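Worksheet: the structure to be examined is printed underneath.
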Amino acid sequence: MRIFLIGLTLALLSSACTGSDPAAEPEVAVQPSSSSSNPTETTAPAASYAGTVAAPAFPDGLDWLNTDAPLDLEQLKGKVVLLDFWTYGCINCIHIIPDLQRLEHEYPDELVVIGVHSAKFLNEGDTENIRQVVMRYGIEHPVVNDKDFDVWRSWGAQAWPTIALVDPLGNVVGMHAGEGIYDVVQPIIEALVAEFDGQIDRTPFVMAPESDTSANTVLSYPGKVAVDGAGSTIFVSDTGHNRIIAADAASGEITAVFGDGEAGFESGAALDARFDAPQGLAYDDSTGILYVADTNNHALRTIDTTTGEVATLAGTGQLGWPPAAGLIDNVRLNSPWGLTLREGRLWVAMAGFHQIWVVDLDGGFATPAVGSGLEGVDNGVLVEAALAQPSGVTFDGSGRLYFADSESSSIRWADVLGEGGTTGLLSGSDENLFDFGDIDGAGNQARLQHPLGIVWDEASGDLIIADTYNSKLKRIDPANGDTTTYLGAGHGWNDGTDPLFYEPGGLAISEQTLFVADTNNQVVRKIDLATDEATTLVLHGIEDFAPAGSADEFAGRVIPLEPIQIAAGSGVVTLGITLPPDHKVNEDAPSSITFDTDEPIFEPTGGPEQSITGANLPLDIAGTFYQGSGTLTADVTLLYCRDDSEGLCIIEQIRFIQPMEVGQDGTSSVVLPHEVVLPNF
């Protein structure tokens with residue numbers, strides 16, 4: 001087997017990183033492609049890239065996503081196949097998704113990518129959790145759940161991420177561990193396509209994306225939240241929709257939207273700007289500026305909440321490596337994830353660099369403050385400590401910085417405001433990157449699982465954390481690290497004093513209210529800290545912020561109906577929509593129906609635009625039919641929810657197209673039928 005390892009730098013940060021044991025993750029720090037050698041120069045062109053060893057088969061009985069049936073490599077002969085060994089909490093694995101998508105776009109008929117999800121964390125081995133991440137990251141190629149590492153072992157993978165190439169005859173070409181894969185494998189794929197030109201099967205490979213079954217919710221995998229000083233406005237990173245939402249913290253009425261919903265890196269007016277999977281937020285009450293960690297753009301952005309103007313504070317839009325301080329105009333960042341403000345400085349959990357950075361907002365300079373850039377669990381002098389994908393940051397009242405160190409499943413602290421600062425462990429293990437769990441206890445006796453969110457509760461003096469992969473909120477006493485489960489008991493959704501969450505990722509606090517970005521439930525939750533009761537904040541009014549130019553585009557389901565004969569005179573149009581069992585039209589969020597005709601053949605009694613908020617279905621809408629022929633178009637925006645919880649606003653957008661002939665004879669009723677199928681969550 002010919003292995004091509006081009007421009008690869010491995011930083012082995014665990015003593016057990018030498019074998020094929022999946023628990024021995026070599027934490028990878030890879031020079032990005034921009035600083036790698038030219039692949040065509042490094043590989044010494046050979047006469048053939050064809051492999052000689054047959055690729056190992058996929059075992060039976062594995063769960064597959066984005067495909068209607070399990071795949072085997074035999075049926076993929078004639079295609080170049082790329083296997084991507086990944087685990088969904090790994091920032092390095094997230095970094096190569098754009099490279100994979102670029103390759104899929106460039107070789108749509110020649111290449112098939114298969115994601116092999118070999119989970120590091122217990123939570124990551126659950127197929128439903130993987131499905132959520134597949135939809136969250138827009139992954140549309142087939143993904144197999146290799147939870148027992150059968151595929152991993154058969155291929156001898158040793159690192160997340162690792163990719164492997166298979167030629168069109170089903171033989172292994174080689175493997176590569178780490179980031180920066182495009183420049184490494186694109187020349188190899190190009191050579192294989194040319195070499196096997198007469199044997200390439202260019203029949204389009206048909207997939208069944210999980211996203212086809214997803215709901216059109218107001219929020220899509222919200223990552224982080226922030227709140228203003230008065231507690232009146234909440235800001236939400238609507239991560240899956242690539243935008244930021246501002247809403248009334250009490251009523252849920254959406255007051256502003258920043259970003260047009262498409263992934264991109266554009267500044268300008270609110271609905272002209274673009275973000276790419278934004279996460280951390282920090283609001284400055286004194287200036288009205290909202291700071292945004294624009295994660296996939298590797299940048300920090302600002303939103304002037306008074307004017308709506310979006311600008312770039314720091315970052316070029318390109319992933320940086322190695323970490324290097326610089327002026328904010330040209331510094332290169334790496335997956336900023338969490339933010340907090342203190343005295344004119346913006347502190348950044350820089351997940352991709354495994355560091356905490358600080359931005360001097362007056363001086364215009366950004367620099368690493370905590371961490372060497374190596375991934376690990378070592379504490380000590382600030383710049384020598386090894387962090388592991390920090391994803392949330394907060395200060396307590398004394399000025400000590402705390403951060404959720406997600407890949408080490410711990411909460412750590414850093415004394416950053418004085419001279420000679422150091423780091424230390426508050427809660428969780430500092431043994432290695434694979435010591436995690438769900439155990440209450442003091443300090444290093446406690447166990448967490450990939451925490452992402454953290455906030456200081458001034459009233460109690462506690463830290464509250466989002467123990468994300470345990471789907472719980474926990475309290476930690478900063479004095480002794482005593483860690484106790486606060487709310488939650490495994491993933492689910494329930495309000496009240498025994499609430500359930502599903503991978504919550506972000507926290508914000510105002511007086512006696514805790515706001516939670518309940519990521520996989522796709523909602524924001526509110527916790528009354530006096531009663532410990534949870535409610536779901538129903539966001540409504542998103543339809544008022546459609547980007548300019550989108551009015552002529554209908555993004556929902558179009559249902560053409562057979563022509564019918566209608567009798568002129570009084571009649572009804574019946575909205576014959578059937579909701580899933582135990583669901584109803586939301587009584588707070590606005591649902592509506594809008595009628596239009598190409599000829600004046602129908603006039604609804606209540607006017608062409610009518611509210612159907614809280615309506616019982618089926619619903620009769622009275623009107624008058626006028627003689628003639630034409631087409632009635634009815635656009636329905638329906639927000640529905642479970643009977644026992646109105647928090648999840650699932651949006652169904654439907655356009656009915658009904659041709660009709662109105663004359664002396666015929667029926668007096670038009671039925672617009674549709675059965676709503678509950679999406680997967």
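Along the sequence shown, residues carry numbers from 1. Here the structure is a predicted model, which means the values were calculated and not measured.
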For this session: Measure centre to centre between the rings of W347 and F395, then say whether the value is under 6.0 Å.
Result: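 They qualify: ring centres under 6.0 Å apart.
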Problem set entry | Test of ring centre spacing under 6.0 Å for Y283 and F235 |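 Between F235 and Y283, which both carry aromatic rings, the centre distance is below 6.0 Å.
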Does this structure show an ion pair linking [X] with [Y], if we count only N-O contacts that are shorter than 4.0 Å?
X	Y	result
R475	D482	no
E503	R136	yes
R131	E210	yes

Exercise. Are there more than 12 heavy atoms of other residues, nucleotides or ligands under 6.0 Å from atom CD of E511?
Worked result: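 12 or below, so no.
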Exercise. Is it the case that more than 12 heavy atoms not belonging to R345 sit under 6.0 Å from its CZ atom?
Worked result: no
For this session: Show the numbers, then the answer: is there a side-chain hydrogen bond (donor to acceptor under 3.5 Å, both in side chains) between Q449 and N470?
Result: CA-CA 6 Å; Q449 190 178 186; N470 286 322; 2.9 Å; yes
Donor-acceptor pair, distance only, cut-off 3.5 Å: does the side chain of [X] make one with the backbone of [Y]?
X	Y	value
K526	E533	no
D396	S398	yes
T255	A246	yes
T483	G481	yes
H241	G261	no
S237	Q279	yes
N494	D498	yes
D405	A388	yes
S391	W337	no
T239	P278	yes

Problem set entry | Heavy-atom pair with the smallest gap, counting every atom of A349 and G392 | CB-N, 3.9 Å
Quick one: does [X]'s side chain get under 4.5 Å of [Y]'s, heavy atoms only?
X	Y	result
I542	V257	yes
L319	H95	yes
P323	W357	yes
L346	L339	yes

For this session: Starting from the C-alpha separation in whole Å, work towards a yes-or-no answer on salt bridge (charged side-chain N to carboxylate O under 4.0 Å, His left out) for R243 and D260.
Result: CA-CA 7 Å; R243 65 188 180 189; D260 71 358; over 6 Å; no
Problem set entry | Pair R525-D495, salt bridge (charged side-chain N to carboxylate O under 4.0 Å, His left out): steps then yes or no | CA-CA 9 Å; R525 314 287 290 279; D495 282 336; 2.9 Å; yes
Problem set entry | E179/N92 under side-chain hydrogen bond (donor to acceptor under 3.5 Å, both in side chains): CA gap, chis, key distance, verdict | CA-CA 6 Å; E179 296 183 31; N92 306 96; 2.6 Å; yes
Exercise. R412 and N379: side-chain hydrogen bond (donor to acceptor under 3.5 Å, both in side chains), yes or no, with the steps?
Worked result: CA-CA 9 Å; R412 299 166 71 177; N379 287 305; 2.8 Å; yes
In Å and rounded to the nearest 0.5 Å, what is the [atom1] to [atom2] distance from [X] to [Y]?
X	Y	atom1	atom2	result
T531	Q512	OG1	CD	9.0 Å
L426	R400	CG	CZ	8.5 Å
C90	E407	SG	CD	6.0 Å

Problem set entry | side-chain hydrogen bond (donor to acceptor under 3.5 Å, both in side chains) between D532 and Y486, worked out | CA-CA 9 Å; D532 297 335; Y486 175 41; 2.6 Å; yes
For this session: Identify the residue among V455, T394, L448 that makes a side chain to side chain contact (heavy atoms under 4.5 Å, CB included) with I465.
Result: L448
Exercise. How are the rings of Y502 and H491 set to each other: parallel, tilted or perpendicular (split at 30° and 60°)?
Worked result: parallel
Exercise. Under 30°, 30 to 60°, or over 60°: which ring-plane class applies to Y88 and Y469, parallel, tilted or perpendicular?
Worked result: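 If you compare the ring of Y88 with that of Y469, the planes turn out perpendicular.
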For this session: Identify whether NZ of Lys or CZ of Arg in R301 sits under 6.0 Å from the centre of the six-membered ring of F275 and within 45° of that ring's axis.
Result: yes
